[in-house]
Amino acid sequence: MRSYLRGSPLALHRLERLAAALGEIAGSPVTLTRPNEEAHGDYATNVALATVKEHKRPPREVAEELAARVVELPEIARAEVAGPGFLNLWVTDAFLSEGLAEIDDAFGAGFAETPERVQVELVSANPTGPLTIGSARNGAYGDAVARLLRFAGHDVTREYYFNDSGGQMDKFRESVEAWRRGEEPPADGYVGAYIGDLAKLDGDPVPHMLREIEESLERFRIPIDSWQRQTVIENEIADAIAGLDTYEEDGALWARTSAYGDDKDRVLVRSTGEPTYFAADAAYIRHKLNGYDRAIYVLGADHHGYVARLKALAAMYGASPDRIEILIYQLVHLTRGGETVRMGKRSGNVVFLDDLVDEVGVDAARWYLVNRGPDQSLEIDLDLASEKSAKNPVYYVQYVHARIGGIFREVAEGADINPVPAQPLAPEERELIKRLLEFPDIVREAVSKRGPQGVPVYAIRLADGFHRFYHEHTVLTAKGGDAEPFRLALIGATRTVIARCLDLVGVLAPDRM
RNA sequence: GCGCCCGUAGCUCAGUGGAAGAGCGGCGGCCUUCUAAGCCGUUGGUCGGAGGUUCGAAUCCUCCCGGGCGCACCA
């Protein structure tokens with residue numbers, strides 16, 4: 001079910017205004033849905049069923065009464081009652097034309113009721129090696145959420161947090177040093193060809209590794225706005241601990257997180273006097289709360305145990321738990337010819353993000369990674385990866401953009417473009433416009449659920465609508481007669497919405513294919 | 001044992017209170033046309049199982065079965 005009644009009353013688009021007008025008549029908010037079956041109208045509402053308790057009358061009777069009244073609206077061509085009390089509606093060509101006329105680059109944008117400064121922390125893999133496929137999903141998902149939030153009107157910063165000190169980084173540096181001396185890597189050290197590559201460069205390998213990571217992310221179209229070093233955060237640990245609810249026991253300093261929703265208390269300072277990683281978490285969350293209205297973590301399912309303790313930290317600092325969001329995505333499983341492949345950076349048995357991009361390309365990879373919900377685990381068969389890429393629906397969607405680009409290359413400068421049709425709309429034209437008008441609600445739902453998968457799913461349906469229209473009708477005058485100005489407006493709007501869908505998931509919109 | 005996530009078409013998955021869907025695969029058609037990376041037809045489901053709430057459940061609640069991931073004074 002889709003609600004067309006929420007959002008800023010100042011920027012209601014055509015469909016929302018229709019729902020509002022229907023709501024006036026019904027006396028309660030009206031939600032419109034797009035029925036799958038043609039026989040159920042252009043739009044349908046269950047308002048008579050939803051209000052059955054208030055009316056204390058049979059829903060069909062209420063629906064019949066509404067049907068008689070809503071046909072008075074200029075937008076409504078026909079209204080029918082169906083099933084237990086659904087109200088099916090057919091809209092006029094004029095209504096669809098008005099909706100089409102409203103589509104521009106800002107269509108569906110800027111609906112955030114209170115724009116916020118939002119930090120999305122994503123990837124944050126330690127620079128002990130190149131990014132792996134595991135980070136690919138984190139990046140594709142987190143970046144899509146960031147793009148959606150920005151489109152909604154928020155001020156979004158993508159932050160990458162990395163460890164630049166500590167045991168793991170020491171081991172990494174020692175592994176490179178050992179290679180330079182021609183020795184075996186230390187126990188539990190890092191191996192792999194990339195260690196040898198780093199050994200050829202001078203000085204600390206960490207900055208080199210970071211630059212390589214940044215290049216991989218840029219290639220994957222994830223722009224990082226802020227790089228946060230752990231050593232900077234660690235300097236704030238003492239202040240951070242001072243603001244927490246703590247106690248000493250067994251020579252260690254504990255945070256009383258169990259009083260704030262966590263299932264147990266957590267050690268901040270070990271009996272050895274060393275702060276734990278959790279102490280850095282506390283300092284970092286404090287840092288985030290000071291700088292942003294909302295801080296979003298993007299974490300793999302293997303970190304879901306962190307949710308309660310991070311929220312507990314925020315609560316101890318007196319912040320609303322809503323200001324901290326932890327988005328969990330299920331892990332990526334690798335297979336090769338059906339066999340599970342275990343990945344480990346230390347074992348050298350890894351598939352890098354760059355390998356995936358080399359194999360299938362950025363567009364196919366990002367589409368594949370974001371096309372399913374974050375709660376759904378995901379399998380990548382390395383043997384089938386390139387084959388799957390050729391069959392990736394992303395090309396079906398991009399092809400819409402390329403076809404429209406081809407038409408506009410043939411259009412003369414200053415050609416007449418008019419969203420008002422010169423003749424009654426063809427079925428394919430009506431279907432395409434209705435699909436376009438759904439877009440704002442698709443985005444709104446994707447944002448509120450923090451689930452970008454609705455965008456690619458919608459884009460495929462929109463592409464369906466376009467390809468059918470394209471197949472059935474000719475746009476340009478030589479073959480299309482006086483329909484050209486309207487059809488140019490229609491495909492122009494389609495190009496705008498398709499390009500937006502692709503942009504929101506970090507995929508290019510090509511003019512030629 | 002406890003916690004989180006998942007179970008929908010042959011395969012990969014959308015859909016989270018309103019009238020069961022897509023892609024791929026299978027089968028059969030359509031290029032003298034602004035791009036056939038396209039279009040059309042067809043094949044395909046006890047929505048893991050059992051109860052419950054509701055006018056209405058794939059969707060919410062309880063239990064069971066199956067799978068993934070977690071339960072550190074590691075990072």
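Everything quoted here is computed from the prediction, not taken from an experiment. All chains are named by letter (A, B, ...) in the order of the sequence lines, taking the proteins before the strands, and each is independently numbered beginning at 1. Just so it is clear, the values below take in all heavy atoms, side chains as well, and ignore hydrogens, waters and symmetry mates.
Among the protein residues, A:Ala301 comes within range of the sugar-phosphate backbone only, with heavy atoms under 4.0 Å from sugar or phosphate atoms but none that close to a base. Using a 4.0 Å heavy-atom distance criterion, A:His304 is classed as a base contact. Within 4.0 Å (heavy atoms only), A:Ala82 reaches at least one base atom of the nucleic acid. Counting any heavy atom pair closer than 4.0 Å across all strands shown, A:His473 reaches a base atom. Residue-level contact check: A:Asn392 touches neither bases nor backbone, having no heavy atom under 4.0 Å from any strand. Residue A:Pro35 is classed as having no contact, given no heavy-atom separation below 4.0 Å to the nucleic acid. Among the protein residues, A:Gly300 comes within range of no part of the nucleic acid, since none of its heavy atoms lies under 4.0 Å from any strand. Looking at heavy-atom distances under 4.0 Å, A:Asn88 makes contact with a base. Contact annotation for A:Lys449: backbone-only contact, meaning every heavy-atom pair under 4.0 Å involves sugar-phosphate atoms and none involves a base. Within 4.0 Å of A:Phe86, counting heavy atoms only, lies at least one base atom of the nucleic acid. When heavy atoms are screened at a 4.0 angstrom cut-off, A:Tyr470 is found touching base atoms of the nucleic acid.
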Return the polar atom pairs (N/O with N/O) between nucleotides 52-54 of chain B and the protein under 3.5 Å, or none.
none

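In this structure, of B:rA19, B:rC39, B:rG15, it is B:rA19 that holds the atom nearest to the side chain of A:Ala44. Of the candidate nucleotides B:rA36, B:rC34, B:rU16, B:rA36 has the atom nearest to the side chain of A:Arg403. Considering only side-chain atoms of A:Arg372, the nucleotide from B:rG68, B:rA19, B:rU12 that sits closest is B:rU12. The side chain of A:Tyr396 lies closest to B:rG38, out of B:rC5, B:rG38, B:rC6. When the nucleotides B:rC69, B:rC39, B:rC5 are ranked by their closest atom to the side chain of A:Asp302, B:rC69 comes out on top.
When each of A:Glu174, A:Arg173, A:Lys171 is checked for a side-chain contact (heavy atoms from CB on, under 4.5 Å) with A:Tyr190, only A:Lys171 meets the rule. Of the residues A:Asn138, A:Thr132, A:Val351, A:Leu378, the one that meets the side-chain contact (heavy atoms from CB on, under 4.5 Å) test with A:Val332 is A:Leu378.
Judged by distance alone, with hydrogens and angles left aside, A:His303 brings no side-chain donor or acceptor close enough to the base of B:rG70 to form a pair under 3.5 Å. For A:Ser271 and B:rC73, a side-chain-to-base donor-acceptor distance below 3.5 Å is present, hydrogens and geometry of angles not being considered. Counting distance only, with no hydrogens placed and no angle test, the side-chain atoms of A:Asn36 and the base atoms of B:rA22 include no donor-acceptor pair under 3.5 Å.
In this structure, A:Gln453 reaches the B:rG15 phosphate: one of its side-chain N or O atoms is under 4.0 Å from OP1 or OP2.
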Intra- and interstrand pairs of RNA chain B - dot-bracket, Watson-Crick/G-U under 3.5 Å, | marks other strand
((((((((.[[[[.)..(..]]]]((((((.......))))))....[[[[[..)....]]]]])))))))....
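Residues meeting the ring-ring contact (aromatic ring centres under 6.0 Å, His included) test with A:Tyr284, sequence neighbours left out: A:Tyr161. Every residue meeting the salt bridge (Lys or Arg N to Asp or Glu O under 4.0 Å) condition with A:Lys434, not counting sequence neighbours, appears here in chain and number order: A:Asp42, A:Glu431.
Here the two rings, on A:His467 and A:Tyr396, have centers that are under 6.0 Å apart.
Interface residues of residues 257-264 of chain A facing RNA chain B, ordered by number: A:Lys264; criterion, heavy-atom separation under 4.0 Å. Interface residues of residues 500-513 of chain A facing RNA chain B, ordered by number: A:Asp511, A:Arg512, A:Met513; criterion, heavy-atom separation under 4.0 Å.
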